[in-house]
*Asks:* 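Before I ask anything, here is the structure I am working with.
Quick caveat, the model's predicted, so the values are computed rather than measured.
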Number of protein chains: 2
Amino acid sequence: MKYSSSKENYIKAIFHLQRSSENVSTNALANALQTKPASVTDMLKKLKEQKILQYERYKGVRLTAEGKKIALLIIRKHRLWEYFLVEKLQFGWEEVHEIAEELEHISSKKLIDRLDDFLGNPRKDPHGDPIPDANGKMPVLQQISLDAIELNKPMEITGIGNQTPELMELLQRTNIKIGSKLEVKKKFSFDNSLEIKMRNAAPFIISQFLAKNLLVNDEE
Amino acid sequence: MKYSSSKENYIKAIFHLQRSSENVSTNALANALQTKPASVTDMLKKLKEQKILQYERYKGVRLTAEGKKIALLIIRKHRLWEYFLVEKLQFGWEEVHEIAEELEHISSKKLIDRLDDFLGNPRKDPHGDPIPDANGKMPVLQQISLDAIELNKPMEITGIGNQTPELMELLQRTNIKIGSKLEVKKKFSFDNSLEIKMRNAAPFIISQFLAKNLLVNDEE
DNA sequence: TAAAAAATTTAGATTTACCTAAATTTATTT
DNA sequence: AAATAAATTTAGGTAAATCTAAATTTTTTA
(Lines give C-alpha, C1' and ligand atoms only; values in the text may rest on other atoms or scores of the structure.)
Protein backbone atom coordinates (compact mmCIF):
# COMPACT_ATOMS: atom_id res chain seq x y z
CA MET A 1 0.00 0.00 0.00
CA LYS A 2 1.02 3.52 -0.72
CA TYR A 3 -0.24 6.63 1.02
CA SER A 4 -0.40 10.26 -0.05
CA SER A 5 2.20 12.64 1.37
CA SER A 6 -0.58 14.26 3.32
CA LYS A 7 -1.62 10.99 4.92
CA GLU A 8 1.98 10.15 5.69
CA ASN A 9 2.34 13.47 7.45
CA TYR A 10 -0.67 12.72 9.63
CA ILE A 11 0.68 9.28 10.50
CA LYS A 12 4.07 10.67 11.41
CA ALA A 13 2.61 13.49 13.49
CA ILE A 14 0.39 11.11 15.44
CA PHE A 15 3.35 8.83 16.08
CA HIS A 16 5.38 11.68 17.54
CA LEU A 17 2.50 12.96 19.65
CA GLN A 18 1.34 9.66 21.08
CA ARG A 19 4.52 9.01 23.08
CA SER A 20 2.83 10.02 26.29
CA SER A 21 0.40 7.06 26.26
CA GLU A 22 -2.72 9.23 26.07
CA ASN A 23 -4.74 9.51 22.89
CA VAL A 24 -3.76 12.29 20.55
CA SER A 25 -6.29 15.12 20.37
CA THR A 26 -7.66 16.69 17.23
CA ASN A 27 -6.40 20.10 18.28
CA ALA A 28 -2.88 18.86 19.02
CA LEU A 29 -2.75 17.36 15.55
CA ALA A 30 -4.13 20.45 13.88
CA ASN A 31 -1.47 22.44 15.63
CA ALA A 32 1.36 20.06 14.72
CA LEU A 33 0.28 19.94 11.09
CA GLN A 34 -0.47 23.64 10.78
CA THR A 35 -3.99 22.98 9.69
CA LYS A 36 -7.55 23.36 11.01
CA PRO A 37 -9.25 20.95 13.43
CA ALA A 38 -12.07 20.37 10.94
CA SER A 39 -9.58 19.17 8.34
CA VAL A 40 -8.07 16.81 10.89
CA THR A 41 -11.44 15.26 11.68
CA ASP A 42 -12.01 14.62 7.97
CA MET A 43 -8.68 12.93 7.55
CA LEU A 44 -8.98 10.82 10.71
CA LYS A 45 -12.14 9.27 9.32
CA LYS A 46 -10.33 8.25 6.17
CA LEU A 47 -7.34 6.84 8.02
CA LYS A 48 -9.66 4.90 10.30
CA GLU A 49 -11.25 3.29 7.23
CA GLN A 50 -7.79 2.12 6.23
CA LYS A 51 -7.18 0.55 9.66
CA ILE A 52 -4.21 2.81 10.27
CA LEU A 53 -5.57 4.17 13.52
CA GLN A 54 -8.21 3.77 16.18
CA TYR A 55 -10.53 6.70 16.35
CA GLU A 56 -13.80 7.48 18.12
CA ARG A 57 -15.55 10.81 17.82
CA TYR A 58 -14.49 13.20 20.56
CA LYS A 59 -12.09 10.61 21.99
CA GLY A 60 -8.88 11.31 20.12
CA VAL A 61 -6.76 8.91 18.17
CA ARG A 62 -4.01 6.27 18.42
CA LEU A 63 -2.10 4.38 15.75
CA THR A 64 -2.70 0.68 15.16
CA ALA A 65 0.27 -1.70 14.83
CA GLU A 66 0.00 -1.15 11.07
CA GLY A 67 0.02 2.62 11.57
CA LYS A 68 3.13 2.47 13.72
CA LYS A 69 4.89 0.38 11.11
CA ILE A 70 4.18 2.99 8.49
CA ALA A 71 5.29 5.79 10.82
CA LEU A 72 8.59 4.10 11.55
CA LEU A 73 9.32 3.65 7.87
CA ILE A 74 8.70 7.34 7.23
CA ILE A 75 10.92 8.29 10.17
CA ARG A 76 13.57 5.92 8.88
CA LYS A 77 13.52 7.64 5.51
CA HIS A 78 13.58 11.09 7.03
CA ARG A 79 16.55 10.40 9.24
CA LEU A 80 18.58 8.54 6.66
CA TRP A 81 18.14 11.37 4.19
CA GLU A 82 19.18 13.85 6.86
CA TYR A 83 22.27 11.82 7.52
CA PHE A 84 23.04 11.73 3.79
CA LEU A 85 22.62 15.48 3.45
CA VAL A 86 24.95 16.25 6.34
CA GLU A 87 27.57 13.55 5.83
CA LYS A 88 27.77 13.41 2.05
CA LEU A 89 26.50 16.76 0.82
CA GLN A 90 27.99 18.98 3.53
CA PHE A 91 24.75 20.52 4.72
CA GLY A 92 24.57 21.96 8.23
CA TRP A 93 22.44 19.92 10.60
CA GLU A 94 20.04 22.82 11.10
CA GLU A 95 19.15 23.10 7.42
CA VAL A 96 18.37 19.49 6.52
CA HIS A 97 15.01 19.00 8.17
CA GLU A 98 13.00 20.86 5.56
CA ILE A 99 14.55 18.98 2.63
CA ALA A 100 14.10 15.65 4.40
CA GLU A 101 10.41 16.49 4.83
CA GLU A 102 10.14 16.15 1.07
CA LEU A 103 12.53 13.24 0.60
CA GLU A 104 10.78 11.10 3.21
CA HIS A 105 7.83 10.67 0.84
CA ILE A 106 9.82 9.02 -1.94
CA SER A 107 8.28 5.59 -2.06
CA SER A 108 10.97 3.12 -3.11
CA LYS A 109 11.86 0.75 -0.28
CA LYS A 110 14.81 -0.58 -2.23
CA LEU A 111 16.14 2.96 -2.51
CA ILE A 112 16.08 3.54 1.21
CA ASP A 113 17.67 0.21 2.03
CA ARG A 114 20.44 0.82 -0.49
CA LEU A 115 20.92 4.32 0.91
CA ASP A 116 21.18 2.85 4.41
CA ASP A 117 23.99 0.53 3.27
CA PHE A 118 25.71 3.28 1.30
CA LEU A 119 25.80 5.39 4.46
CA GLY A 120 27.20 2.53 6.53
CA ASN A 121 23.99 1.80 8.45
CA PRO A 122 24.15 4.76 10.82
CA ARG A 123 22.31 4.48 14.14
CA LYS A 124 21.66 8.17 14.73
CA ASP A 125 20.70 11.06 12.50
CA PRO A 126 22.56 14.40 12.65
CA HIS A 127 20.26 15.63 15.41
CA GLY A 128 21.12 12.63 17.55
CA ASP A 129 17.82 10.83 16.94
CA PRO A 130 17.88 7.07 16.43
CA ILE A 131 17.26 5.68 12.92
CA PRO A 132 14.84 2.71 12.67
CA ASP A 133 16.27 -0.29 10.83
CA ALA A 134 14.82 -1.94 7.72
CA ASN A 135 12.37 -3.87 9.92
CA GLY A 136 11.16 -0.76 11.68
CA LYS A 137 13.04 -1.43 14.91
CA MET A 138 14.24 1.77 16.54
CA PRO A 139 17.62 1.21 18.23
CA VAL A 140 17.76 2.12 21.90
CA LEU A 141 20.70 4.45 22.15
CA GLN A 142 23.03 4.34 25.06
CA GLN A 143 22.48 7.17 27.49
CA ILE A 144 25.41 9.09 28.85
CA SER A 145 25.48 12.07 31.11
CA LEU A 146 25.45 15.52 29.59
CA ASP A 147 28.62 16.19 31.54
CA ALA A 148 30.58 13.91 29.24
CA ILE A 149 29.64 14.94 25.75
CA GLU A 150 31.46 16.87 23.07
CA LEU A 151 30.93 20.54 22.43
CA ASN A 152 28.55 21.74 19.71
CA LYS A 153 26.95 18.38 19.05
CA PRO A 154 23.17 18.43 19.01
CA MET A 155 21.77 16.06 21.63
CA GLU A 156 18.39 15.15 22.98
CA ILE A 157 17.61 14.78 26.66
CA THR A 158 16.47 11.17 27.01
CA GLY A 159 16.51 10.70 30.75
CA ILE A 160 16.85 12.31 34.16
CA GLY A 161 19.23 10.74 36.68
CA ASN A 162 18.18 11.31 40.24
CA GLN A 163 14.51 12.19 40.13
CA THR A 164 14.21 14.14 43.37
CA PRO A 165 11.73 17.01 43.81
CA GLU A 166 14.72 19.34 44.21
CA LEU A 167 16.10 18.37 40.80
CA MET A 168 12.67 18.65 39.26
CA GLU A 169 12.27 22.13 40.67
CA LEU A 170 15.49 23.22 38.99
CA LEU A 171 14.56 21.59 35.70
CA GLN A 172 11.26 23.40 35.76
CA ARG A 173 13.09 26.67 36.13
CA THR A 174 15.54 25.99 33.30
CA ASN A 175 12.79 24.52 31.12
CA ILE A 176 14.85 21.39 30.38
CA LYS A 177 12.72 18.27 29.91
CA ILE A 178 12.80 14.86 28.27
CA GLY A 179 12.95 15.47 24.54
CA SER A 180 14.64 18.86 24.82
CA LYS A 181 17.20 19.37 22.07
CA LEU A 182 20.35 21.16 23.12
CA GLU A 183 24.05 21.65 22.58
CA VAL A 184 26.87 22.22 25.03
CA LYS A 185 28.62 25.35 23.79
CA LYS A 186 31.38 25.68 26.38
CA LYS A 187 32.87 24.13 29.49
CA PHE A 188 34.15 26.49 32.17
CA SER A 189 37.15 24.99 33.81
CA PHE A 190 36.78 27.15 36.91
CA ASP A 191 33.85 25.14 38.26
CA ASN A 192 33.19 22.71 35.37
CA SER A 193 29.88 24.40 34.70
CA LEU A 194 28.48 24.20 31.17
CA GLU A 195 27.00 26.71 28.79
CA ILE A 196 23.88 25.22 27.23
CA LYS A 197 22.01 26.33 24.12
CA MET A 198 18.46 25.13 23.58
CA ARG A 199 16.60 25.83 20.38
CA ASN A 200 14.69 29.12 20.47
CA ALA A 201 16.16 30.19 23.77
CA ALA A 202 19.07 32.25 24.98
CA PRO A 203 22.15 30.28 26.12
CA PHE A 204 22.42 29.71 29.87
CA ILE A 205 24.77 28.02 32.30
CA ILE A 206 24.21 24.91 34.40
CA SER A 207 26.35 23.34 37.11
CA GLN A 208 28.39 20.22 36.58
CA PHE A 209 26.28 18.54 39.24
CA LEU A 210 23.10 19.16 37.27
CA ALA A 211 24.79 18.06 34.03
CA LYS A 212 25.75 14.73 35.59
CA ASN A 213 22.07 14.12 36.25
CA LEU A 214 20.94 14.77 32.70
CA LEU A 215 21.13 11.83 30.30
CA VAL A 216 21.44 12.27 26.57
CA ASN A 217 21.70 9.68 23.84
CA ASP A 218 25.06 8.91 22.44
CA GLU A 219 26.97 6.02 21.03
CA GLU A 220 30.21 5.21 19.27
CA MET B 1 8.03 29.90 -8.00
CA LYS B 2 7.17 26.30 -7.32
CA TYR B 3 5.02 24.05 -9.44
CA SER B 4 3.04 20.93 -8.61
CA SER B 5 4.48 17.57 -9.64
CA SER B 6 1.70 17.32 -12.15
CA LYS B 7 2.55 20.63 -13.77
CA GLU B 8 6.22 19.73 -13.82
CA ASN B 9 5.36 16.53 -15.65
CA TYR B 10 3.48 18.48 -18.30
CA ILE B 11 6.37 20.90 -18.75
CA LYS B 12 8.86 18.09 -19.09
CA ALA B 13 6.70 16.17 -21.55
CA ILE B 14 6.21 19.23 -23.74
CA PHE B 15 9.93 19.88 -23.71
CA HIS B 16 10.69 16.38 -24.90
CA LEU B 17 7.99 16.46 -27.57
CA GLN B 18 8.75 19.86 -29.03
CA ARG B 19 12.19 18.95 -30.34
CA SER B 20 10.88 18.70 -33.88
CA SER B 21 10.07 22.42 -34.19
CA GLU B 22 6.34 21.89 -34.65
CA ASN B 23 3.86 22.69 -31.92
CA VAL B 24 3.01 19.87 -29.58
CA SER B 25 -0.50 18.49 -30.00
CA THR B 26 -2.99 17.83 -27.25
CA ASN B 27 -3.24 14.20 -28.23
CA ALA B 28 0.52 13.67 -28.23
CA LEU B 29 0.65 15.08 -24.73
CA ALA B 30 -2.28 13.03 -23.50
CA ASN B 31 -0.54 9.98 -24.83
CA ALA B 32 2.83 10.85 -23.29
CA LEU B 33 1.28 11.60 -19.92
CA GLN B 34 -1.11 8.66 -19.92
CA THR B 35 -4.10 10.89 -19.48
CA LYS B 36 -7.09 12.14 -21.46
CA PRO B 37 -7.02 14.95 -24.07
CA ALA B 38 -9.68 16.85 -22.12
CA SER B 39 -7.45 16.88 -19.04
CA VAL B 40 -4.59 18.17 -21.13
CA THR B 41 -6.67 21.06 -22.42
CA ASP B 42 -7.57 22.01 -18.85
CA MET B 43 -3.96 22.03 -17.76
CA LEU B 44 -2.70 23.91 -20.80
CA LYS B 45 -5.03 26.78 -19.94
CA LYS B 46 -3.57 26.98 -16.45
CA LEU B 47 0.03 26.80 -17.66
CA LYS B 48 -0.69 29.50 -20.22
CA GLU B 49 -1.92 31.77 -17.41
CA GLN B 50 1.43 31.28 -15.74
CA LYS B 51 3.31 32.25 -18.92
CA ILE B 52 4.99 28.89 -19.08
CA LEU B 53 3.81 28.19 -22.58
CA GLN B 54 2.17 29.63 -25.67
CA TYR B 55 -1.14 28.07 -26.42
CA GLU B 56 -4.01 28.80 -28.80
CA ARG B 57 -7.09 26.62 -29.05
CA TYR B 58 -6.71 23.91 -31.64
CA LYS B 59 -3.18 25.10 -32.46
CA GLY B 60 -1.05 23.06 -30.08
CA VAL B 61 1.50 24.31 -27.64
CA ARG B 62 5.14 25.41 -27.25
CA LEU B 63 7.16 26.31 -24.17
CA THR B 64 8.20 29.91 -23.50
CA ALA B 65 11.78 30.67 -22.51
CA GLU B 66 10.62 30.46 -18.89
CA GLY B 67 9.02 27.08 -19.57
CA LYS B 68 12.19 25.72 -21.11
CA LYS B 69 14.20 26.87 -18.12
CA ILE B 70 11.90 24.97 -15.80
CA ALA B 71 12.04 21.90 -18.03
CA LEU B 72 15.82 21.89 -18.07
CA LEU B 73 15.97 22.10 -14.29
CA ILE B 74 13.64 19.12 -13.97
CA ILE B 75 15.69 17.16 -16.48
CA ARG B 76 18.84 18.13 -14.60
CA LYS B 77 17.40 16.74 -11.39
CA HIS B 78 16.15 13.59 -13.04
CA ARG B 79 19.46 12.77 -14.64
CA LEU B 80 21.62 13.61 -11.64
CA TRP B 81 19.48 11.40 -9.42
CA GLU B 82 19.77 8.60 -11.98
CA TYR B 83 23.52 8.99 -11.94
CA PHE B 84 23.52 8.88 -8.16
CA LEU B 85 21.39 5.75 -8.06
CA VAL B 86 23.62 3.89 -10.49
CA GLU B 87 27.04 5.12 -9.41
CA LYS B 88 26.56 5.32 -5.65
CA LEU B 89 23.71 2.96 -4.82
CA GLN B 90 24.52 0.21 -7.31
CA PHE B 91 21.21 0.24 -9.14
CA GLY B 92 21.05 -1.10 -12.67
CA TRP B 93 20.54 1.58 -15.29
CA GLU B 94 17.23 0.04 -16.38
CA GLU B 95 15.66 0.36 -12.93
CA VAL B 96 16.44 3.96 -12.03
CA HIS B 97 14.03 5.85 -14.26
CA GLU B 98 10.97 5.22 -12.15
CA ILE B 99 12.62 6.30 -8.91
CA ALA B 100 14.06 9.41 -10.58
CA GLU B 101 10.54 10.32 -11.72
CA GLU B 102 9.78 10.90 -8.05
CA LEU B 103 13.08 12.43 -7.02
CA GLU B 104 13.01 15.02 -9.80
CA HIS B 105 10.20 16.83 -8.00
CA ILE B 106 12.17 17.52 -4.83
CA SER B 107 12.35 21.29 -4.84
CA SER B 108 15.63 22.31 -3.19
CA LYS B 109 17.99 23.92 -5.70
CA LYS B 110 20.80 23.83 -3.20
CA LEU B 111 20.31 20.09 -2.83
CA ILE B 112 20.70 19.43 -6.53
CA ASP B 113 23.74 21.66 -6.89
CA ARG B 114 25.41 19.94 -3.93
CA LEU B 115 24.52 16.56 -5.37
CA ASP B 116 26.06 17.60 -8.69
CA ASP B 117 29.33 18.44 -6.94
CA PHE B 118 29.22 15.29 -4.83
CA LEU B 119 28.94 13.24 -8.01
CA GLY B 120 31.83 15.07 -9.63
CA ASN B 121 29.71 17.09 -12.09
CA PRO B 122 28.95 14.27 -14.51
CA ARG B 123 28.10 15.22 -18.11
CA LYS B 124 25.97 12.20 -18.98
CA ASP B 125 23.41 10.15 -17.11
CA PRO B 126 23.55 6.33 -17.06
CA HIS B 127 21.48 6.18 -20.26
CA GLY B 128 23.99 8.37 -22.06
CA ASP B 129 21.81 11.49 -21.99
CA PRO B 130 23.49 14.85 -21.29
CA ILE B 131 22.92 16.50 -17.89
CA PRO B 132 22.09 20.24 -17.95
CA ASP B 133 24.37 22.34 -15.75
CA ALA B 134 23.27 24.61 -12.87
CA ASN B 135 22.41 27.33 -15.39
CA GLY B 136 20.26 25.03 -17.47
CA LYS B 137 22.80 24.63 -20.27
CA MET B 138 22.73 21.19 -21.80
CA PRO B 139 26.22 20.07 -22.83
CA VAL B 140 26.58 19.06 -26.45
CA LEU B 141 28.10 15.65 -26.29
CA GLN B 142 30.66 14.53 -28.81
CA GLN B 143 29.24 12.24 -31.39
CA ILE B 144 31.11 9.13 -32.37
CA SER B 145 30.10 6.39 -34.71
CA LEU B 146 28.22 3.40 -33.36
CA ASP B 147 30.93 1.22 -34.82
CA ALA B 148 33.36 2.40 -32.16
CA ILE B 149 31.52 2.06 -28.88
CA GLU B 150 31.77 -0.41 -26.04
CA LEU B 151 29.45 -3.37 -25.69
CA ASN B 152 26.40 -3.20 -23.42
CA LYS B 153 26.47 0.53 -22.86
CA PRO B 154 23.16 2.30 -23.42
CA MET B 155 23.51 4.94 -26.10
CA GLU B 156 21.21 7.28 -27.96
CA ILE B 157 21.30 7.85 -31.69
CA THR B 158 22.07 11.56 -32.05
CA GLY B 159 22.92 11.82 -35.72
CA ILE B 160 23.01 10.12 -39.09
CA GLY B 161 26.19 10.30 -41.15
CA ASN B 162 25.58 10.17 -44.86
CA GLN B 163 21.95 11.12 -45.35
CA THR B 164 21.27 9.42 -48.65
CA PRO B 165 17.85 8.04 -49.59
CA GLU B 166 19.38 4.58 -49.64
CA LEU B 167 20.51 4.91 -46.00
CA MET B 168 17.15 6.34 -45.02
CA GLU B 169 15.39 3.40 -46.61
CA LEU B 170 17.42 0.98 -44.53
CA LEU B 171 16.85 2.98 -41.35
CA GLN B 172 13.13 2.94 -41.97
CA ARG B 173 13.24 -0.82 -42.22
CA THR B 174 15.26 -1.28 -39.03
CA ASN B 175 13.22 1.40 -37.23
CA ILE B 176 16.36 3.20 -36.05
CA LYS B 177 15.92 6.97 -35.79
CA ILE B 178 17.35 10.00 -34.01
CA GLY B 179 16.58 9.52 -30.36
CA SER B 180 16.48 5.71 -30.49
CA LYS B 181 18.04 4.14 -27.42
CA LEU B 182 20.09 1.05 -28.04
CA GLU B 183 22.98 -1.11 -26.95
CA VAL B 184 25.54 -3.01 -28.93
CA LYS B 185 25.40 -6.55 -27.58
CA LYS B 186 28.05 -8.26 -29.73
CA LYS B 187 30.55 -7.71 -32.51
CA PHE B 188 30.98 -10.47 -35.03
CA SER B 189 34.57 -10.64 -36.14
CA PHE B 190 33.67 -12.48 -39.32
CA ASP B 191 32.30 -9.37 -41.04
CA ASN B 192 32.44 -6.84 -38.19
CA SER B 193 28.65 -6.70 -38.11
CA LEU B 194 26.98 -5.74 -34.83
CA GLU B 195 24.14 -7.18 -32.83
CA ILE B 196 21.89 -4.31 -31.71
CA LYS B 197 19.23 -4.33 -29.00
CA MET B 198 16.65 -1.57 -28.93
CA ARG B 199 14.16 -1.19 -26.10
CA ASN B 200 10.97 -3.18 -26.65
CA ALA B 201 12.29 -4.93 -29.71
CA ALA B 202 14.04 -8.16 -30.56
CA PRO B 203 17.81 -7.91 -31.12
CA PHE B 204 18.93 -7.68 -34.74
CA ILE B 205 22.14 -7.40 -36.70
CA ILE B 206 23.45 -4.47 -38.72
CA SER B 207 26.48 -4.19 -40.99
CA GLN B 208 29.65 -2.39 -40.03
CA PHE B 209 29.04 0.00 -42.89
CA LEU B 210 25.66 1.03 -41.47
CA ALA B 211 27.14 1.31 -37.97
CA LYS B 212 29.80 3.72 -39.20
CA ASN B 213 27.02 5.99 -40.41
CA LEU B 214 25.15 6.08 -37.11
CA LEU B 215 26.33 8.65 -34.58
CA VAL B 216 25.81 8.26 -30.85
CA ASN B 217 26.82 10.52 -28.03
CA ASP B 218 29.86 9.70 -26.04
CA GLU B 219 32.52 11.47 -24.01
CA GLU B 220 34.79 11.13 -21.02
C1' DT C 1 -24.75 20.93 38.87
C1' DA C 2 -25.92 24.40 35.72
C1' DA C 3 -23.60 27.73 32.91
C1' DA C 4 -19.69 29.04 30.33
C1' DA C 5 -15.68 27.76 27.83
C1' DA C 6 -13.10 24.73 25.06
C1' DA C 7 -12.75 21.04 21.93
C1' DT C 8 -14.61 18.60 18.30
C1' DT C 9 -17.58 17.52 14.60
C1' DT C 10 -20.80 18.46 10.78
C1' DA C 11 -22.33 21.00 6.77
C1' DG C 12 -21.39 23.21 2.86
C1' DA C 13 -17.61 25.41 -0.21
C1' DT C 14 -13.22 25.67 -2.74
C1' DT C 15 -9.08 24.18 -5.49
C1' DT C 16 -6.46 20.85 -8.14
C1' DA C 17 -6.31 17.43 -11.32
C1' DC C 18 -8.63 14.30 -13.14
C1' DC C 19 -12.83 11.99 -15.88
C1' DT C 20 -16.94 11.10 -19.58
C1' DA C 21 -19.94 12.61 -23.02
C1' DA C 22 -21.27 15.96 -26.17
C1' DA C 23 -20.12 19.84 -29.11
C1' DT C 24 -16.99 22.11 -32.08
C1' DT C 25 -13.13 22.79 -35.12
C1' DT C 26 -9.74 21.11 -38.31
C1' DA C 27 -8.13 17.69 -41.56
C1' DT C 28 -8.96 14.17 -44.89
C1' DT C 29 -11.58 11.82 -48.35
C1' DT C 30 -14.44 10.90 -51.85
C1' DA D 1 -16.60 21.16 -51.98
C1' DA D 2 -19.44 18.44 -49.23
C1' DA D 3 -19.11 14.55 -46.25
C1' DT D 4 -16.65 11.96 -43.06
C1' DA D 5 -13.15 11.29 -39.81
C1' DA D 6 -10.00 12.85 -36.44
C1' DA D 7 -8.54 16.09 -33.08
C1' DT D 8 -9.71 19.26 -29.71
C1' DT D 9 -12.48 21.76 -26.60
C1' DT D 10 -16.45 22.59 -23.58
C1' DA D 11 -19.73 21.27 -20.09
C1' DG D 12 -20.65 19.07 -16.17
C1' DG D 13 -18.82 15.71 -12.50
C1' DT D 14 -15.73 13.30 -9.06
C1' DA D 15 -12.21 12.56 -5.33
C1' DA D 16 -8.71 14.42 -2.23
C1' DA D 17 -7.50 17.72 0.93
C1' DT D 18 -8.36 21.79 2.40
C1' DC D 19 -11.35 25.80 4.45
C1' DT D 20 -15.17 28.69 7.32
C1' DA D 21 -19.16 28.89 10.02
C1' DA D 22 -22.45 26.64 12.69
C1' DA D 23 -23.80 22.81 15.64
C1' DT D 24 -22.65 19.50 19.05
C1' DT D 25 -20.18 17.25 22.78
C1' DT D 26 -17.00 17.39 26.55
C1' DT D 27 -14.68 19.80 30.12
C1' DT D 28 -14.16 23.32 33.35
C1' DT D 29 -15.69 26.58 36.50
C1' DA D 30 -18.36 29.29 39.37
*Asks:* Detail all sub-3.5 Å separations between protein N/O atoms and N/O atoms belonging to nucleotides 3-5 of chain D.
*Replies:*
none

*Asks:* Between A/R57 and C/dT10, is there a side-chain N or O to OP1/OP2 distance below 4.0 Å?
*Replies:*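 Yes, such a contact exists.
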
*Asks:* Answer yes or no on whether B/K88 is positioned over the face of B/F118, meaning its NZ or CZ is under 6.0 Å from the six-membered ring centre and within 45° of the axis.
*Replies:*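 Yes.
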
*Asks:* Regarding A/K59, tell me which of base, sugar-phosphate or nothing describes its non-hydrogen contacts under 4.0 Å with the strands shown.
*Replies:*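 The answer is nothing, as A/K59 stays clear of every strand by at least 4.0 Å.
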
*Asks:* State whether B/Y55 and B/R62 meet the cation-pi test: NZ (Lys) or CZ (Arg) under 6.0 Å from the six-membered ring centroid, and within 45° of the perpendicular axis.
*Replies:*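 Here B/R62 fails the 6.0 Å and 45° test against B/Y55.
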
*Asks:* Are the side chain of A/E87 and the backbone N or O of A/F84 linked by a donor-acceptor pair below 3.5 Å?
*Replies:*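 No, the answer is negative, given that no donor and acceptor are paired below the 3.5 Å cut-off.
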
*Asks:* Any idea which of D/dA17, C/dT25, D/dA21 is nearest the B/Y58 side chain?
*Replies:*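 The closest nucleotide is C/dT25.
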
*Asks:* For residues 129-140 of chain B, which side-chain N or O atoms pair as donor and acceptor with protein atoms under 3.5 Å away, sequence neighbours left out?
*Replies:*
from	atom 1	to	atom 2	distance (Å)
B/D133	OD1	B/N135	N	2.7
B/D133	OD1	B/G136	N	3.1
B/D133	OD1	B/K137	N	3.0

*Asks:* Out of the candidates A/R79, A/K12, A/K77, only one should pair with A/E101 under the salt bridge (charged side-chain N to carboxylate O under 4.0 Å, His left out) rule; please name it.
*Replies:*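 Single salt bridge (charged side-chain N to carboxylate O under 4.0 Å, His left out) partner of A/E101 among A/R79, A/K12, A/K77: A/K12.
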
*Asks:* Between B/D117 and B/N121, is there a side-chain donor-acceptor contact under 3.5 Å, judged purely by atom types and distance?
*Replies:*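 Present: a donor and an acceptor within the cut-off.
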
*Asks:* Report yes if a side-chain nitrogen or oxygen of A/S6 is closer than 4.0 Å to either non-bridging phosphate oxygen (OP1 or OP2) of D/dA16; otherwise report no.
*Replies:*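 A/S6 to D/dA16 OP1/OP2: no side-chain N or O under 4.0 Å.
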
*Asks:* Atom CD of B/E22 to atom C1' of C/dA27: distance rounded to whole Å?
*Replies:*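 Taking CD of B/E22 and C1' of C/dA27, I get 15 Å after rounding.
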
*Asks:* Looking at B/K185 and B/E183, does any basic side-chain N land under 4.0 Å from a carboxylate oxygen?
*Replies:*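 B/E183 and B/K185: salt-bridged.
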
*Asks:* Look at the side-chain N and O atoms of B/Y10 and state whether any lies under 4.0 Å from the OP1 or OP2 oxygen of C/dT16.
*Replies:*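 Answer no for this pair, as no side-chain N or O of B/Y10 is under 4.0 Å from OP1 or OP2.
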
*Asks:* Can you name the residues that form a side-chain hydrogen bond (donor to acceptor under 3.5 Å, both in side chains) with A/H127, not counting sequence neighbours?
*Replies:*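 With neighbours one apart ignored, the set is A/E82.
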
*Asks:* With a 4.0 Å heavy-atom cut-off, tell me which residues in residues 40-53 of chain B come close to DNA chain C, sorted by residue number.
*Replies:*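 Listed by number, they are B/D42, B/M43, B/K46.
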
*Asks:* Testing the 3.5 Å rule here: is there a donor-acceptor pair between the side chains of B/H105 and B/N9?
*Replies:*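 The answer is yes; a qualifying pair exists.
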
*Asks:* In whole angstroms, how far is the C1' atom of C/dT16 from the CD atom of B/E8?
*Replies:*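 After rounding, the reported distance stands at 15 Å.
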
*Asks:* Below the 4.0 Å mark, does D/dC19 have OP1 or OP2 next to a side-chain nitrogen or oxygen of A/S39?
*Replies:*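 Checking D/dC19 against A/S39, a side-chain N or O does come within under 4.0 Å of OP1 or OP2.
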
*Asks:* Can you find a side chain N or O atom of B/Y55 that sits less than 4.0 Å from OP1 or OP2 on D/dT9?
*Replies:*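 For B/Y55, the contact criterion (side-chain N or O under 4.0 Å from OP1 or OP2 of D/dT9) is met.
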
*Asks:* Does the side chain of B/V40 reach to within under 4.5 Å of the side chain of B/Y10, using non-hydrogen atoms?
*Replies:*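 A side-chain contact exists here, since the closest heavy-atom pair is under 4.5 Å.
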
*Asks:* Which residues, if any, of residues 24-37 of chain B bring a heavy atom under 4.0 Å of DNA chain D?
*Replies:*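 Nucleic-acid contacts, sorted: B/S25, B/T26, B/N27, B/P37.
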
*Asks:* Considering residues at least two apart in sequence or located in another chain, which fulfil the salt bridge (Lys or Arg N to Asp or Glu O under 4.0 Å) criterion with A/E102?
*Replies:*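 Salt bridge (Lys or Arg N to Asp or Glu O under 4.0 Å) check on A/E102 returns nothing, list empty.
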
*Asks:* Without decimals, in angstroms, what is the distance between A/N23 CG and D/dT26 P?
*Replies:*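 Roughly 14 Å, once rounded to whole Å.
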
